[in-house]
Asker: 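Here's a structure for you.
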Amino acid sequence: MFVSVPRSIALLACIACLPAVADEQHYNQISLRAEASSEVAQDRMHVTLFTESQHEDPAQLAAQTTRAMNKALQHARNFKDVEVSQGSRSSYPVYEEKGQKITAWRERAELRLESGDFAAISKLTGELMQDLQMGGMSFSVSDSIRQQNEDALLKDAVTAFRARAQLATEALGGSDYKIVSLNLNSGGNYRPEMMRSVSMKSMDAMPTPDVEAGTRQISINADGVIEVQMP
């Protein structure tokens, strides 16, 4: 004899038969972190130069700034191994003491240099500082060198993570472990040599500066979770 079962009751019965995946408990899981790093010589030099002046007529001030930047750009283009770009340019009013009347305008424009040829960019910097001032100098690691070192460190980071996982397993008295999750991330700490706000007014002549680029620490971090299997 066929007995009809309400659909809602049948559905509940099927759900009750399913394994309790959502309620499954994970025991002996440990979060671990390991790192592999190396010191890499910084191979890119960055210099920011600027011109800043003041004039009562904003149009004449803008023209004066443009002439100074054009002269610097034309000279910099003779150095083929140096990348040249214009940075920020801004102007603002200068007020009288009471702050109610504009007495003049002040304008600032930047020129940015970048190169892996330290001798060339240093020479160019010294020559441009006859008319411009230095806003800053810094160093970095090129993308290609950084990528090469990160690729080499990736395997070392995984090896270090596995070694730490084995130590944790033995400390807990486990027989083995399995990796539940593993994330690999790159990191690094810059330690640049910096020079800021150097004015030609304080120098009779600007020699080609000696530079020391320093190093940067490049690292790969391995963050993950393991599950220790007990005997």
Side-chain angles (χ1 to χ4, degrees), residues 35-54 61-92 106-154 157 184-221:
E35 178 182 288
S37 62
S38 63
E39 291 291 330
V40 180
Q42 299 187 111
D43 62 331
R44 301 292 292 179
M45 180 174 172
H46 310 261
V47 174
T48 300
L49 301 165
F50 70 93
T51 178
E52 187 170 16
S53 54
Q54 183 172 314
L61 176 62
Q64 179 181 334
T65 302
T66 298
R67 285 193 295 270
M69 293 303 293
N70 287 346
K71 179 182 177 181
L73 280 168
Q74 291 173 5
H75 184 72
R77 291 191 182 110
N78 295 323
F79 290 72
K80 303 302 182 182
D81 294 328
V82 180
E83 298 177 18
V84 184
S85 62
Q86 289 180 277
S88 63
R89 178 170 175 171
S90 60
S91 63
Y92 55 90
R106 193 164 188 83
E107 186 163 353
R108 175 188 171 111
E110 292 182 344
L111 185 69
R112 296 176 180 174
L113 312 176
E114 179 181 347
S115 179
D117 188 336
F118 289 1
I121 191 173
S122 297
K123 185 174 187 299
L124 175 58
T125 298
E127 294 175 1
L128 289 178
M129 285 186 68
Q130 296 177 27
D131 300 306
L132 305 179
Q133 299 180 56
M134 180 180 287
M137 178 190 295
S138 63
F139 301 88
S140 67
V141 177
S142 62
D143 291 340
S144 59
I145 297 298
R146 177 186 56 78
Q147 187 65 53
Q148 291 175 16
N149 282 270
E150 287 182 353
D151 290 346
L153 290 171
L154 190 145
L184 299 173
N185 303 293
S186 61
N189 297 313
Y190 282 100
R191 290 185 294 194
E193 299 290 332
M194 299 295 294
M195 183 186 298
R196 295 188 180 278
S197 300
V198 179
S199 173
M200 280 304 298
K201 294 180 181 179
S202 62
M203 301 181 183
D204 295 330
M206 180 61 189
T208 300
D210 293 329
V211 296
E212 177 56 49
T215 62
R216 176 192 174 187
Q217 184 183 72
I218 293 180
S219 61
I220 294 291
N221 301 316

Asker: Is the Lys NZ or Arg CZ of Arg108 less than 6.0 Å from the centre of Phe50's six-membered ring, within 45° of the axis?
Answerer: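 Here Arg108 passes the 6.0 Å and 45° test against Phe50.
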
Asker: Distance alone, cut at 3.5 Å: any donor-acceptor contact between the side chains of Asp81 and Ser115?
Answerer: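 Ser115 and Asp81 do not have a side-chain donor-acceptor pair below 3.5 Å.
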
Asker: What heavy-atom pair brings Val47 and Met137 nearest, and what distance separates the two atoms?
Answerer: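 So the two residues come closest at CG2-CG, 4.2 Å.
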
Asker: Drop me the distance from Leu111's CG to Thr125's OG1, to the nearest 0.5 angstrom.
Answerer: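 The CG atom of Leu111 sits 9.5 Å away from the OG1 atom of Thr125.
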
Asker: Can you tell me how far apart OG (Ser90) and CZ (Arg106) are? Round to the nearest 0.5 Å.
Answerer: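 Here the rounded value is 11.0 Å.
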
Asker: Give me each pair satisfying salt bridge (Lys or Arg N to Asp or Glu O under 4.0 Å) with a member in residues 66-77, each pair once, sequence neighbours excluded.
Answerer: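 Residue pairs with at least one partner in residues 66-77: Lys71-Asp131.
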
Asker: Going by atom types alone, do Gln42 and Arg216 pair a side-chain donor with an acceptor below 3.5 Å?
Answerer: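 Short answer, no.
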
Asker: What pair of heavy atoms forms the shortest contact from Ala62 to Glu107, and how long is it?
Answerer: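 Where Ala62 meets Glu107 most closely, the heavy atoms are CA-OE1, 3.4 Å.
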
Asker: What is the minimum heavy-atom distance between Phe118 and Ala213, and which atoms define it?
Answerer: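 Shortest heavy-atom contact: CE2-CB, 3.4 Å.
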
Asker: Do the charged groups of Glu110 and Arg89 touch, with an N to O distance under 4.0 Å?
Answerer: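 Answer for the salt bridge query: no.
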
Asker: Any side-chain to backbone donor/acceptor pair from Asn185 onto Asn221? Under 3.5 Å, distance only.
Answerer: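 No, Asn185 side chain to Asn221 backbone: no donor-acceptor pair under 3.5 Å.
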
Asker: For a 4.5 angstrom cut-off between non-hydrogen side-chain atoms, does Ser53 reach Thr65?
Answerer: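 Yes, at least one pair of side-chain atoms sits under 4.5 Å.
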
Asker: Can you tell me how far CD of Glu127 sits from CG of Asn78, rounded to the nearest 0.5 angstrom?
Answerer: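 Those atoms lie 9.0 Å apart.
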
Asker: Applying side chain to side chain contact (heavy atoms under 4.5 Å, CB included), name anything that partners Ala68, two or more places apart in sequence or on another chain.
Answerer: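 Partners of Ala68 under the side chain to side chain contact (heavy atoms under 4.5 Å, CB included) test: Thr51.
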
Asker: How many angstroms lie between OG1 in Thr48 and CG in Leu132, if you round to the nearest 0.5 Å?
Answerer: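 Interatomic distance, Thr48 OG1 to Leu132 CG, rounded to 0.5 Å: 11.5 Å.
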
Asker: Looking at Arg112 and Ser88, what are the two nearest heavy atoms and their distance?
Answerer: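 Smallest heavy-atom distance, with atoms named: NH2-N, 4.2 Å.
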
Asker: I'd like to check Gln130 versus His75 (side-chain heavy atoms, cut-off strictly below 4.5 Å). Are they in contact?
Answerer: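 Not touching, per the 4.5 Å side-chain cut-off.
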
Asker: Would you mind reporting whether Val82 and Glu114 have side-chain heavy atoms less than 4.5 Å apart?
Answerer: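 Contact flag for Glu114/Val82 side chains = no.
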
Asker: Any idea which heavy atoms bring Arg146 and Val141 closest together, and the distance?
Answerer: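 The pair with the smallest heavy-atom distance is N-CG1, 3.7 Å.
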
Asker: Working to the nearest 0.5 Å, report the span between OG of Ser186 and CD1 of Ile220.
Answerer: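 Going from OG on Ser186 over to CD1 on Ile220, the span is 5.0 Å.
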
Asker: Could you check His46 against Ser140 for side-chain contact (heavy atoms from CB on, under 4.5 Å), going step by step and ending with a plain yes or no?
Answerer: CA-CA 8 Å; His46 310 261; Ser140 67; 2.7 Å; yes

Asker: Quick one: pull up CG in Asp117 and CZ in Arg44 and give me the separation to the nearest 0.5 Å.
Answerer: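 Between Asp117 CG and Arg44 CZ, I get 10.0 Å after rounding to 0.5 Å.
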
Asker: Could you go through the side-chain contact (heavy atoms from CB on, under 4.5 Å) check for Glu35 and Leu153 one step at a time?
Answerer: CA-CA 9 Å; Glu35 178 182 288; Leu153 290 171; over 6 Å; no

Asker: Where do Ala36 and Ala157 come nearest, in terms of heavy atoms and distance?
Answerer: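 For Ala36 and Ala157, the tightest heavy-atom pair comes out as CB-N, 3.7 Å.
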
Asker: Yes or no on side-chain contact (heavy atoms from CB on, under 4.5 Å) for Gln74 and Met69, after CA distance, side-chain angles and deciding distance?
Answerer: CA-CA 9 Å; Gln74 291 173 5; Met69 293 303 293; over 6 Å; no

Asker: Is a side-chain N or O of Glu39 found less than 3.5 angstrom from the main chain of Thr215, in a donor-acceptor match?
Answerer: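 Answer holds: no.
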
Asker: Ignoring hydrogens and angles, state whether a donor on the side chain of Gln147 or Asp151 is under 3.5 Å from an acceptor on the partner side chain.
Answerer: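 Yes.
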
Asker: Below 4.5 Å, heavy atoms only, C-beta onward: do Leu49 and Leu113 meet side chain to side chain?
Answerer: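 They are in side-chain contact.
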
